Amino acid sequence: MELLEIQPRELKFTFELKKQSSCSIHLVNKSDQYLAFKVKTTSPKRYCVRPNTGVVKPNAECDVMVTMQAQRVAPPDMQCKDKFLIQSTVVPYGTTETDIRSDMFAKDSGKYIEEKKLRVVLIGPAHSPVLLPLNGLLKQDPCHEIFSQKDQLLSGVENTPPAHVVAKDVEGFKTAKVTDESRAAKDVESRPAEDVDELKLTHDIAKENLAKDIEELNSKLNVLELNLSEAKLTITTLTEERSMATWEKETLKHELAMLRRKSDVRRVRVGFPFLFVLIIALIGIAAGYLMHS
């Protein structure tokens, strides 16, 4: 089912040298869901798109204005190879323009992305005669000149034109035939050119998606590096705390050993006078016993 209806399918710009030209794209949301859209072009410097992203509510419409900047030189044969790509996808209910992100239109996200291509057509101004652009300069169609000469000849007295006029007419017809053949050859050549433009557009889109993927990978890598730095800092802090705890433990052991030594010395000092008193008492008892006996 088509999500977004786009009109027209060709962007027609009235081309005049050194003048801007604008046309609008009409978008219609044919679904009952919110749709986000994005407009891309192969020549972003040549066109101004407003808005280039947006949200279309269910069964609603939206207009996008595309302005071609003033050009100093007309393209060869008034053939423009520029292309536009309009991407659309379903977004949650209540999504606004400020919520749109570039990764919403990434194909590797698993979401359905509807894409439609628009080609650019250049047309001359309405007041200009039958013109053929050649190398950026506008010249009158030789067929138009030939028919004007014939009209002038038919309005004369004689119906048979002079020989040199007939020769010029024949030469003009040959020139017109060559011009038509060259146009047909250029049309045939323009078809591969259009395919090349489509490939270029696809390549640009793939390049843009690749750049976005690289940017996302770089951001994830930065986050991982930040987490790694924090982990290293935490490990360093824990190592220092462990070293400090080990040092404090050894210090406490040393102080405890010193205290035990001091306690043993005190016990020896306190116990020596008691033993001396005990010996004197035994000697006194023995002496008393001998004296009585």
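Everything numeric in this text was worked out from a predicted model, so none of it was measured.
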Worksheet item: What closest approach, in Å, do Thr95 and Pro92 show between heavy atoms, and which atom pair accounts for it?
Response: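 What the structure gives for the nearest pair is OG1-O, 2.6 Å.
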
Worksheet entry | Nearest heavy atoms of Arg46 and Cys80, plus distance in Å |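 Shortest heavy-atom contact: NH1-SG, 4.3 Å.
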
Do side-chain atoms of [X] reach the backbone of [Y] as a donor and acceptor pair under 3.5 angstrom?
| X | Y | answer |
| --- | --- | --- |
| Glu10 | Val121 | no |
| Thr42 | Lys83 | yes |
| Thr89 | Ile113 | no |
| Asn29 | Val56 | yes |
| Glu5 | Leu3 | no |

Worksheet item: Do Ser219 and Asn222 have side-chain N/O donor and acceptor atoms under 3.5 Å apart?
Response: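 Not at all, the side chains of Ser219 and Asn222 share no donor-acceptor pair under 3.5 Å.
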
Discussion item. Go through it in stages, so that I can follow the logic: the residues are Gln69 and Gln20, the test is side chain to side chain contact (heavy atoms under 4.5 Å, CB included), and I'd like the CA-CA distance, side-chain angles, deciding distance and then a yes or no.
Written reply: CA-CA 5 Å; Gln69 305 296 334; Gln20 290 185 348; 3.2 Å; yes

Hydrophobic clusters here meaning ILVMFWY residues chained together by side-chain heavy-atom distances under 4.5 Å, can you tell me if [X] and [Y] are in one?
| X | Y | value |
| --- | --- | --- |
| Val91 | Leu4 | no |
| Leu238 | Trp247 | no |
| Val49 | Ile6 | yes |
| Val39 | Leu11 | yes |

